[in-house]
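Contents: one structure, followed by commentary.
Letters A, B, ... are given to chains in the order of the sequence lines, protein chains preceding strands, and every chain is numbered from 1. Since the model is a prediction, treat every value here as computed from it, not as a measurement.
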2 protein chains.
Amino acid sequence: MASARRIPQATVSRLPLYLRVLGEAALETGTISSEMLAARAGVNAAQVRKDLSYLGSYGTRGVGYEVGYLVREINRRLGLDADRRVAIVGAGNLGQALASYGGFPARGFHVVAAFDADPAKVGGLVGGAVVQPSAVMLEVLVDKGVDIAIITTPASAAQAVADTLIAAGVACILNFAPVSLSVPDHVILRQVDLGIEMQILSFYQHRVAARA
Amino acid sequence: MASARRIPQATVSRLPLYLRVLGEAALETGTISSEMLAARAGVNAAQVRKDLSYLGSYGTRGVGYEVGYLVREINRRLGLDADRRVAIVGAGNLGQALASYGGFPARGFHVVAAFDADPAKVGGLVGGAVVQPSAVMLEVLVDKGVDIAIITTPASAAQAVADTLIAAGVACILNFAPVSLSVPDHVILRQVDLGIEMQILSFYQHRVAARA
DNA sequence: GCTTGTGAAATCTTTCACAGCA
DNA sequence: TGCTGTGAAAGATTTCACAAGC
């Protein structure tokens, strides 16, 4: 049993992937081997076993892992068994896409507020929340007790939005605006740049093209 | 001079970040030190120097790096100096968001085709391309000479789309559908799951909350 | 016999610390 | 003097290989 051990970052970033694969596999089987899970997740089987060993000894030798049980354990360790109140700042296409992301409600993420600086967008819906103007953001964030905020504004607005979020006591921010935000140490911030993946892809295509 | 050396994966994934920071810095200064670049990118200065050393010796001791020159070199090494013909499959919110991503035209990514299975979306615009029905996808992909395809369909449609892409000879795929695609070895595939970042964030929030 | 769980080895990445140069 | 470029050390991650257990 290793469940007290610290889970390495690299493992944490793969757990959601396993969760997705297990969700698909659950429709077909009740038990899965590290080999099968690895094949469907596109990683090495030893890696799957080591990753899962950080959660504890949940497999059965000679058999594999019980899918339902594993799903519950991973969910628990990722904190996905708790409900989270999410705010989306920026009601553009990306904000809409995230709000309607199928996995959100199932993982306990509830969109309880949405904001946009554009008066034309105010009053619309984003994942069940009515879009409100930026002016009331601070007040509404506090009022709704928002746990996690997602920034999908243009880069130029993102830092000001982050400052308001922090003033409202939001401690968890997921930033999709292509700009590096500066936030206090206690705030948990993750930056995602959709363009970066295209650029990395470009690098590998470039290499392959050069080889040909 | 180290430019012949193989660039490590970890470095490749940071180069687009440096590019973004340099783009911002270019407005203020012509020269930047590894220390400043590191601070704005949120990494260690030694790491910046080592990363840049894989590209060659482009800095000046006692001074720093010439921003414009560095931008050009990184662009070149990432293959961003070449034009790429991009197709977007799935004209929903995420497809729209990506198509209108500001960085695309500037990096040589041109959206030359867009597709959707929904007849209501056909005829609309995605980043300057007219949305066409899925039936003509194979033909149009070949016809337009698409280099990179972006999948933003629901998970259920993604594998069939990928098969068509591969049949059309598209060798580079960026998949946003939350499902693992299986493709032949020669195809360069990158999977991005927008939900994964939320789940990782959840883990870290969970940990902090537990400590309190 | 089959598959997990895990030390140990191999590999990759980050950071240190300083020589070398403008 | 100030900052780069880089060996070497430290640290993290991945993979191997096999004992342990069903």
Side-chain angles (χ1 to χ4, degrees), chain A residues 1-18 21-22 25 29-71 73-74 77 200 203-204, chain B residues 1-18 21-22 25 29-71 73-74 77 200 203-204:
Chain A
M1 176 65 142
S3 98
R5 233 186 301 178
R6 184 192 134 278
I7 304 181
Q9 272 204 12
T11 294
V12 171
S13 67
R14 274 187 302 267
L15 290 178
L17 173 61
Y18 297 157
V21 172
L22 290 169
T29 175
T31 298
I32 194 167
S33 67
S34 61
E35 193 96 35
M36 276 196 282
L37 180 41
R40 299 181 66 153
V43 303
N44 179 296
Q47 179 145 269
V48 167
R49 290 198 297 276
K50 185 137 278 189
D51 283 342
L52 297 182
S53 81
Y54 292 116
L55 305 180
S57 298
Y58 296 138
T60 308
R61 288 164 204 241
V63 179
Y65 300 87
E66 207 257 285
V67 176
Y69 187 59
L70 201 49
V71 166
E73 279 309 312
I74 297 178
R77 291 306 280 274
I200 297 175
F203 173 79
Y204 289 110
Chain B
M1 176 66 140
S3 97
R5 233 186 302 180
R6 185 191 136 278
I7 305 181
Q9 272 204 11
T11 295
V12 171
S13 67
R14 274 186 303 267
L15 290 178
L17 173 60
Y18 296 158
V21 171
L22 289 169
T29 175
T31 297
I32 194 167
S33 67
S34 61
E35 193 96 37
M36 275 195 282
L37 179 41
R40 298 182 66 154
V43 302
N44 179 296
Q47 179 144 267
V48 167
R49 290 199 297 276
K50 184 136 278 192
D51 283 342
L52 296 182
S53 80
Y54 292 116
L55 305 179
S57 299
Y58 296 137
T60 308
R61 287 163 205 244
V63 179
Y65 300 88
E66 206 257 285
V67 176
Y69 187 61
L70 201 49
V71 166
E73 279 309 312
I74 296 178
R77 291 306 282 273
I200 297 175
F203 173 81
Y204 289 110

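Atom CD of B/Q9 is separated from atom C1' of D/dA12 by 15 Å (rounded to the nearest Å). With rounding to whole Å, A/Y58 atom OH is found 19 Å from C/dT3 atom C1'. Atom OH in A/Y54 sits about 17 Å away from atom P in C/dT4, given to the nearest Å. Per the geometry, CG belonging to A/L37 stands 13 Å off C1' belonging to C/dT4, to the nearest Å. Rounded to an integer number of Å, the gap from CG of B/L52 to P of D/dG5 is 8 Å. Rounded to a whole Å, the OH atom of B/Y69 is 16 Å from the P atom of D/dT4. For B/L55 and D/dG5, the CG to P distance is 10 Å, given to the nearest whole Å. Taking atom CE of A/M36 as the reference point, atom P of C/dT3 lies 8 Å away to the nearest angstrom.
Within the 4.5 Å cutoff, no side-chain heavy atoms of B/L15 are placed close to those of A/F203. Side-chain contact between B/Q9 and A/Y204 is present, with heavy atoms from C-beta onward closer than 4.5 Å. With a 4.5 Å cut-off on side-chain heavy atoms, A/V48 and A/Y18 count as touching.
Side chain of B/S33, nearest nucleotide from D/dC3, D/dT14, C/dT13: D/dC3.
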Go through the steps for A/T60 and A/T31 under the test side chain to side chain contact (heavy atoms under 4.5 Å, CB included), then give the verdict. CA-CA 10 Å; A/T60 308; A/T31 298; over 6 Å; no
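Scored by the side-chain hydrogen bond (donor to acceptor under 3.5 Å, both in side chains) test, B/S33 finds no partners at all (sequence neighbours excluded).
Of all heavy-atom pairs spanning A/I200 and B/P16, the tightest one is CG1-CG, 4.2 Å.
Rotation axes derived from the C1' atoms of the five outermost pairs at either end of the helix from C/dG1-D/dC22 to C/dA22-D/dT1 lie 10° apart, to the nearest 10°.
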How does each nucleotide of nucleotides 15-22 of chain C score, in 5' to 3' order, for protein heavy atoms under 4.0 Å: base (B), sugar-phosphate only (S), or none (-)? BBB-BBBS
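Residue pairs that meet the salt bridge (charged side-chain N to carboxylate O under 4.0 Å, His left out) test with at least one member in residues 47-65 of chain B, sequence neighbours left out, are B/R14-B/D51.
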Sequence neighbours left out, cut at 3.5 Å: what donor-acceptor pairs do the side chains of residues 35-45 of chain B make with other protein atoms?
{"from": "B/R40", "atom 1": "NH1", "to": "B/E28", "atom 2": "OE1", "distance (Å)": "3.2"}
{"from": "B/N44", "atom 1": "OD1", "to": "B/A46", "atom 2": "N", "distance (Å)": "2.6"}
{"from": "B/N44", "atom 1": "OD1", "to": "B/Q47", "atom 2": "N", "distance (Å)": "3.4"}

Return a table of donor-acceptor pairs under 3.5 angstrom between the side chains of residues 62-71 of chain A and protein atoms on other chains or two or more places apart.
{"from": "A/E66", "atom 1": "OE2", "to": "A/G68", "atom 2": "N", "distance (Å)": "3.3"}

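Counting any heavy atom pair closer than 4.0 Å across all strands shown, A/E35 reaches no nucleic acid atom. In this structure, A/S34 reaches the sugar-phosphate backbone alone: every heavy-atom distance under 4.0 Å involves primed, P, OP1 or OP2 atoms, never a base.
Of the side-chain N and O atoms in B/Y65, one or more sit less than 4.0 angstrom from OP1 or OP2 of D/dG5.
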